[in-house]
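To keep things clear, I will list the structure first and then write my remarks on it.
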Number of protein chains: 2
Amino acid sequence: MTTINRRFTLVRRPSGLPTAADFAHDTQPVPEPRDGEVLIRNRYASLDPAMRGWLDDRPSYMPPVPLGAPVRASTIGEVAASANPDFAPGDWVLGLNGIEDYSIAKPGGFTMKIDAKAVPSVTNYLSVLGAVGLTAYFGLLDVGKPKAGETVLVTGAAGAVGSLVGQIAKIQGCRAIGIAGGADKCARLTRDYGFDAAIDYRGKDEAALTAEIRAAAPDGVDVIFENVGGVILDAGLNNLNQGARIALCGLISEYNSTEGAVGARNVWQLIVKSASINGFLVSSYLDRFPEGAAAMAQWVAQGKIRADEHVDEGIENALPAFLRLFEGSNQGKMILKIGGE
Amino acid sequence: MTTINRRFTLVRRPSGLPTAADFAHDTQPVPEPRDGEVLIRNRYASLDPAMRGWLDDRPSYMPPVPLGAPVRASTIGEVAASANPDFAPGDWVLGLNGIEDYSIAKPGGFTMKIDAKAVPSVTNYLSVLGAVGLTAYFGLLDVGKPKAGETVLVTGAAGAVGSLVGQIAKIQGCRAIGIAGGADKCARLTRDYGFDAAIDYRGKDEAALTAEIRAAAPDGVDVIFENVGGVILDAGLNNLNQGARIALCGLISEYNSTEGAVGARNVWQLIVKSASINGFLVSSYLDRFPEGAAAMAQWVAQGKIRADEHVDEGIENALPAFLRLFEGSNQGKMILKIGGE
């Protein structure tokens with residue numbers, strides 16, 4: 001085993017879209033696990049839009065990534081050394097670690113053993129069977145509460161979470177409408193993920209988007225699964241049905257903004273339609289992860305859910321791979337194969 | 001009985017704050033009730049911020065007031081003529097009519113008989129026992145769902161609804177914090193309505209308001225009863241507790257705005273705190289009005305709720321009386337005594 005730990009660290013808080021000067025690639029000695037801890041050889045890191053928020057120092061649901069520390073990410077890897085009786089070298093684990101070759105973790109919370117042989121690819125634990133899949137599962141079913149026959153609007157629909165939300169909505173007997181950027185992504189929504197309709201938001205203002213949603217959902221929208229915010233959320237708010245529920249998962253349109261929060265301008269429509277916006281975090285459902293993962297695994301096995309993954313290779317490519325999320329050039333769940341020995 | 005019906009009509013849709021040129025005072029012959037209808041001699045009209053929205057022609061929960069028609073308002077009055085077997089001349093009724101001497105109404109829905117002798121003043125049916133009181137009652141208890149010991153933040157707290165919300169919150173064993181404009185109103189909040197703390201929003205930006213709320217509620221806010229919007233809502237969003245509920249009743253800061261909707265900029269905090277914004281209309285609770293009115297009447301009788309009313313006289317004063325709501329010069333529920341013969 002090497003004694004070198006390659007790390008992708010944060011050295012400056014980004015303003016707007018992150019740039020190379022905000023990060024460093026360094027090496028450190030591989031740490032040693034202390035009592036109860038394990039040393040994980042990270043093999044894959046999940047790259048998610050939410051990670052952009054963790055780089056800021058505004059108040060949020062997690063402390064900001066400290067300057068000089070590796071960029072926080074969900075990873076999967078193998079136990080390289082263990083000071084925990086329940087974990088042996090070679091065990092595969094999922095956890096919230098850093099983009100680095102080796103992380104120290106204390107099992108419990110986000111750190112749990114996974115069965116690499118039970119799935120087509122171990123990376124599934126970073127996509128359909130991990131936080132992404134469970135965000136879609138609990139966010140749609142527990143927060144959005146769709147009923148069969150209702151119309152579900154998904155924004156960021158070609159993204160890792162959104163594409164799963166649309167497929168779960170269809171399994172529930174709902175009509176699914178997706179909003180995404182560009183003709184290629186929209187084609188994937190209906191062709192690969194079974195959405196009933198796809199709307200390309202590019203080049204459209206609130207009025208145009210409002211009209212397109214109305215055309216796709218003339219009877220109104222009962223559930224919105226919101227990943228984006230901005231004019232896309234505003235247009236959704238203009239199309240609510242009575243009693244509609246908005247499951248607020250993310251606001252990717254704001255994460256790199258340097259112009260202050262926009263939020264939801266048309267909240268007046270919540271009054272008009274007795275509707276609600278409900279923020280949520282998948283971490284609130286930690287104790288129900290086994291239930292959600294089992295359901296997702298079954299749907300995958302039954303061919304009811306397709307989970308695309310987009311794997312870029314090499315820790316040296318961490319930044320360009322991360323930036324794909326904001327330029328929209330990934331096709332499927334964005335994953336970094338950390339590489340190395 | 002006179003044959004002249006004096007009316008306060010809308011003749012032009014206001015842009016921003018309504019002006020005299022948007023309205024007319026005219027006279028029409030008194031109409032006659034047809035089968036099932038009653039003719040009501042309106043004695044008092046309720047003046048509410050929500051009426052401003054009814055003058056616009058944007059999509060809302062009610063059709064806009066037609067140009068040339070009397071301005072829509074809740075009124076109380078006596079049956080002057082009846083073509084309905086359940087209503088006799090002299091009966092007092094509450095309904096959604098117009099600012100005019102006489103209205104035709106069909107009992108059912110918003111139009112119901114009231115017992116003028118059961119209350120200290122018949123005008124109570126336009127304040128604590130009417131839509132205003134029930135908005136406070138159902139909005140706080142059913143939408144906000146406060147638990148004893150929780151902290152409730154009320155915006156527009158010196159208004160007709162807000163002052164009742166604070167008092168109901170105290171009855172529920174909550175800590176009540178009110179936001180209002182000016183030292184006089186803030187003094188009334190703690191002195192007359194039992195709020196634990198009052199915050200004057202005047203001259204303060206989002207950061208200053210955020211800090212003042214934090215000082216008054218260092219452990220965070222569990223329920224917001226929102227009447228105002230804008231920076232006041234933004235500052236509230238910055239002080240949410242885990243699982244907080246925002247009962248969205250109104251957005252008075254936007255009603256006269258000519259600059260487009262602001263909405264809720266800090267909705268990101270809904271994700272951080274797994275919190276929600278829930279729009280509501282008191283009309284959704286129509287079938288539970290008797291329950292709410294009985295509870296409010298009991299609290300008034302027990303001296304637990306104080307319901308101030310501000311009565312201006314004369315249909316000719318309809319506009320200046322209405323504008324008090326936006327300049328904040330009323331002290332208590334704004335009511336217009338229609339006057340005349």
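Throughout, a chain's letter reflects where its sequence line sits, starting with A, and its residues are numbered from 1.
Residues of residues 46-59 of chain A that come within less than 4.5 angstrom of chain B, heavy atom to heavy atom, are R58(A), P59(A) in numerical order. Contacts from residues 232-242 of chain B to chain A, taken as heavy-atom pairs separated by less than 4.5 Å, involve no residues at all. The contact list for residues 266-292 of chain B toward chain A, using heavy atoms and a distance under 4.5 Å, reads N266(B), V267(B), W268(B), Q269(B), L270(B), I271(B), V272(B), S274(B), A275(B), S276(B), I277(B), N278(B), G279(B), F280(B), L281(B), S284(B) by residue number.
The side-chain hydrogen bond (donor to acceptor under 3.5 Å, both in side chains) check on T135(B) picks up nothing, with sequence neighbours excluded.
More than 12 heavy atoms of other shown residues, nucleotides or ligands fall within 6.0 angstrom of atom CD in E327(B).
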